[in-house]
Trainee: 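Below is the structure I would like to discuss, written out as structure tokens.
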Amino acid sequence: MNKIDIKPNEVAVYALGGLGEIGKNTYGIEYQDEIVIVDAGIKFPEDSLLGIDYVIPDYSYLVENIDKVKGLVITHGHEDHIGAIAYFLQSVNVPVYAGPLAMALIRNKLEEKQMLNRVELHEITDGSVINFGKTSAEFFRTTHSIPDVFGIAIKTPVGTIVETGDFKFDLTPTTKQKPNLWSMARIGEEGVLLLMSDSTNAERPEWTKSEAWVQKTVDKLFSQLKHGRIIFATFASNMNRIKMATDAAIKNGRKIAVFGRSMESAMTNGRALGYLDIPDDALVEQSQIKNIPDDELLIMSTGSQGESMAALARIANGTHKQVRLKPKDNVIFSSSPIPGNTASVNAVINKLEEGGANVIHGKLNNIHTSGHGGQEEQKLMLSLMKPKYFMPVHGEYRMLKVHAGLAEELDIPKENTFIQENGDVLAMDGVNPPRLAGHFPAEDTYIDGSGIGDIGSVVLHDRLKLSQDGLVIVTATIDLKKKEILSGPDILSRGFVYMRESGDLINDGRHVIFNTIRKAMSQKSASESDIRQAIIDDLSKYLHKETARKPMILPMLIMV
């Protein structure tokens, strides 16, 4: 690990994840012997990360400084902010502070991992202040696409660090939880040393539309769709959108059935916390939907991102056990595709259309708005906080760069804005300009099944190679002492060629291997590893020459 040089009179800020990427949001504020961590998010894997379930930060720096870590404060309950919390707490078991909905979701995650009784949890609300000793954290309400969303002001003897979390300025939120502009302005008046602000929509020169705008569209659609079932697909975490759909269903006399584990959990938590007003008699069991007339049924479903195992994709593909697509079904996508998911979403839409469903999606139908503020809201946050220094976070590099340009438009000097990388440590004493006080490793940690961090670049390279060109297995029995081939060599193809139609290629390949083994055995002090490598080298050259492909070659030799 590189040396980190934080002086006693300095406060340091760094990201374990969330810079140069969408997701994995995890930020640290360190002053002397106290570290406060903001959020513990995951990142969903890109297509090239074959077999990886999700990506979390490397917590090594925090583990090495475990005695300093005083608490984990949570901005809101989306996966890119709390999804890694169980893995975080396995490494760094510290008290957790979160709003009601985020706390309910966190409890669910910890219960699944059988960790609930081993973790100290504290519920907060707008205006809560948590004292850690030399530092404290004040929560102020913002708005997003989920209830109980907060920005956090970390107060230190050197100055106040504000982390906005995900936000937009929605003045007519469906949750009735309006942004606390007064608190933001007060914090700004008191003085903000550094603002860390959401950059997700920095490329959009707009003021993001209110959830109330979407609600009008949803109400209109439900009143117009008189015939057929309505299947409503959205993020299970988007409580605002769930509320719109269920309220509209009840208003129009439709019963509600819920499909998808995460959607069921969201409905349970939403009702328990009072965000969803759904009477018991408005809900029907999955097994009972066949008894409900089509024009009296709403199906709430996961799968708005085209996930292959989600309820909506299985309905589209005809593999869902309880729901069969009907020609008069109305399917509403109340979300926009996450970058990288567009093809999957389009594939599900096409399948639904082929099945005769009426699919309503896209911006033209006014059924989705972002949970992140556009440039106008980002400028308003900068104006309210009036920071001395600025560090754009929550975004890919180009987003951070555009956000930095917005700060410059608002007269924050260019040299006072810092576009950092994960692991960079920015130290400030409140008097002199901030400085880079070192860097610690902040590479991705891959979660694959129950494995945590045991999949590295070599394994991923092998998976990619297998997915592209397949595998060729070579078997042979060899008496190395007598320098004889007792059986084989034989070739088995998996994902490379269809063996029944490639007889000449396989037979010629066997001859190549036979000659290669004999040549390798003729060398003095020839070892098993020498023979294996010779087989890989010669067979690779032959197969590439014949097919222009480079399969992975795995020699399995029995040495007598």
Side-chain angles (χ1 to χ4, degrees), residues 44 47 145 214-215 217-238 240-249 252-264 266-267 283-370:
F44 293 103
D47 291 343
S145 57
V214 181
Q215 184 169 17
T217 303
V218 172
D219 288 344
K220 183 178 179 182
L221 280 172
F222 273 70
S223 65
Q224 290 176 341
L225 298 173
K226 299 292 187 183
H227 305 289
R229 302 179 299 185
I230 295 178
I231 302 174
F232 195 93
T234 189
F235 289 108
S237 60
N238 194 333
N240 294 347
R241 221 57 57 79
I242 295 173
K243 177 175 173 55
M244 291 177 200
T246 53
D247 284 353
N252 287 275
R254 288 181 181 264
K255 300 291 186 181
I256 303 164
V258 185
F259 288 86
R261 184 181 174 188
S262 58
M263 185 65 74
E264 291 173 9
M267 294 282 279
L283 293 169
V284 294
E285 296 292 333
Q286 296 177 358
S287 59
Q288 297 301 310
I289 64 172
K290 59 182 178 294
N291 300 325
I292 307 296
D294 289 352
D295 56 0
E296 296 178 13
L297 181 64
L298 164 67
I299 294 174
M300 294 296 301
S301 172
T302 55
S304 64
Q305 294 300 304
E307 307 97 310
S308 60
M309 295 306 295
L312 188 62
R314 290 186 284 124
I315 292 170
N317 293 323
T319 57
H320 199 285
K321 292 182 179 179
Q322 281 112 352
V323 185
R324 293 285 180 222
L325 193 65
K326 298 181 179 181
K328 290 186 178 181
D329 282 343
N330 304 283
V331 183
I332 300 174
F333 279 76
S334 189
S335 65
S336 59
I338 293 173
N341 288 356
T342 303
S344 300
V345 173
N346 288 341
V348 171
I349 291 174
N350 286 331
K351 279 285 186 182
L352 292 167
E353 294 276 10
E354 288 171 12
N358 171 34
V359 183
I360 302 165
H361 65 96
K363 292 181 179 179
L364 294 177
N365 290 296
N366 299 336
I367 50 173
H368 179 66
T369 185
S370 176

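Along the sequence shown, residues carry numbers from 1. These numbers were taken from a predicted model, which means no experiment stands behind them.
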Trainee: What's the separation between atom CZ in F222 and atom OG1 in T217, rounded to the nearest 0.5 Å?
Mentor: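 With rounding to 0.5 Å, CZ (F222) is 12.0 Å from OG1 (T217).
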Trainee: To the nearest 0.5 Å, what is the distance between OG (S145) and CG (N240)?
Mentor: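 Between S145 OG and N240 CG, I get 6.5 Å after rounding to 0.5 Å.
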Trainee: Which value, rounded to the nearest 0.5 Å, describes the distance between M300 atom CE and T234 atom OG1?
Mentor: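 With rounding to 0.5 Å, CE (M300) is 7.0 Å from OG1 (T234).
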Trainee: Which class fits the ring pair F259 and H320: parallel under 30°, tilted 30 to 60°, perpendicular over 60°?
Mentor: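 Perpendicular.
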Trainee: Could you tell me the separation between the CG atom of L225 and the CD1 atom of I230, rounded to the nearest 0.5 Å?
Mentor: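 CD1 of I230 is found 4.5 Å from CG of L225.
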Trainee: Sequence neighbours left out, what passes salt bridge (Lys or Arg N to Asp or Glu O under 4.0 Å) with K326? Give chain and number order.
Mentor: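 Per chain and number, K326 pairs via salt bridge (Lys or Arg N to Asp or Glu O under 4.0 Å) with D294.
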Trainee: When you measure from the side chain of Q286 to the backbone N and O of V258, does any donor-acceptor pair fall under 3.5 Å?
Mentor: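 Yes.
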Trainee: Please check if atom CZ in R261 has more than 12 non-hydrogen atoms from other residues, nucleotides or ligands closer than 6.0 Å.
Mentor: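 Result for CZ/R261: open.
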Trainee: Taking distance alone, no hydrogens or angles, what donor-acceptor pairs closer than 3.5 Å link side-chain atoms of residues 241-248 to residues at least two apart or in another chain?
Mentor:
| unit_1 | atom_1 | unit_2 | atom_2 | d |
| --- | --- | --- | --- | --- |
| R241 | NE | E211 | OE1 | 3.1 |
| R241 | NH1 | S334 | O | 3.3 |
| R241 | NH1 | S334 | OG | 3.0 |
| R241 | NH1 | H368 | ND1 | 2.9 |
| R241 | NH2 | E211 | OE1 | 3.1 |
| R241 | NH2 | E211 | OE2 | 3.0 |
| R241 | NH2 | T369 | O | 3.4 |
| K243 | NZ | D247 | OD2 | 3.1 |
| T246 | OG1 | I242 | O | 2.8 |
| T246 | OG1 | K243 | O | 3.2 |

Trainee: Between I332, N350, I349, which is the residue that forms a side-chain contact (heavy atoms from CB on, under 4.5 Å) with V359?
Mentor: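 Result for side-chain contact (heavy atoms from CB on, under 4.5 Å) with V359: I349.
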Trainee: Give, for atom CD of E296 and atom CD1 of I289, the distance between the pair rounded to the nearest 0.5 Å.
Mentor: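 Going from the CD atom of E296 to the CD1 atom of I289 covers 14.0 Å.
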Trainee: E264 versus M267: any side-chain heavy-atom pair under 4.5 Å?
Mentor: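 With C-beta onward as the side chain, the pair stays apart.
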Trainee: Who passes side-chain contact (heavy atoms from CB on, under 4.5 Å) against P327, sequence neighbours left out?
Mentor: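 None.
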Trainee: Does D329 form a side-chain contact (heavy atoms from CB on, under 4.5 Å) with I315? I'd like the steps, not just the answer.
Mentor: CA-CA 11 Å; D329 282 343; I315 292 170; 5.8 Å; no
Trainee: If you look at every heavy atom in G260 and A311, which pair is closest and at what distance?
Mentor: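 Shortest heavy-atom contact: N-CB, 4.4 Å.
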Trainee: Once you round to the nearest 0.5 Å, how far does CD of Q224 lie from CG of N330?
Mentor: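 With rounding to 0.5 Å, CD (Q224) is 11.0 Å from CG (N330).
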Trainee: Who pairs with D219 by salt bridge (Lys or Arg N to Asp or Glu O under 4.0 Å), at least two apart in sequence or on another chain?
Mentor: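 K251.
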Trainee: Are V323 and R229 packed together at the side-chain level, in the sense that at least one heavy-atom pair is separated by less than 4.5 angstrom?
Mentor: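 The answer is yes; the side chains approach within 4.5 Å.
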Trainee: Tell me if the NZ atom of K290 is crowded by more than 12 foreign heavy atoms within 6.0 Å.
Mentor: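 Yes, enclosed.
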Trainee: Which heavy atom in S301 sits nearest to a heavy atom in M263, and how many Å separate them?
Mentor: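 Taking every non-hydrogen atom into account, O-CE, 3.4 Å.
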Trainee: Kindly write out the residues that satisfy side-chain contact (heavy atoms from CB on, under 4.5 Å) with T319, not counting sequence neighbours, or none if the list is empty.
Mentor: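 For T319 the side-chain contact (heavy atoms from CB on, under 4.5 Å) partners, ignoring immediate neighbours, are R314, N317.
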Trainee: Under the salt bridge (Lys or Arg N to Asp or Glu O under 4.0 Å) test, which residues partner R254, sequence neighbours left out?
Mentor: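 For R254, no residue satisfies salt bridge (Lys or Arg N to Asp or Glu O under 4.0 Å) once neighbours in sequence are set aside.
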Trainee: Hey, are the side chains of I231 and L352 touching, using non-hydrogen atoms and a 4.5 Å cut-off?
Mentor: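 Sidechains of L352 and I231: no contact.
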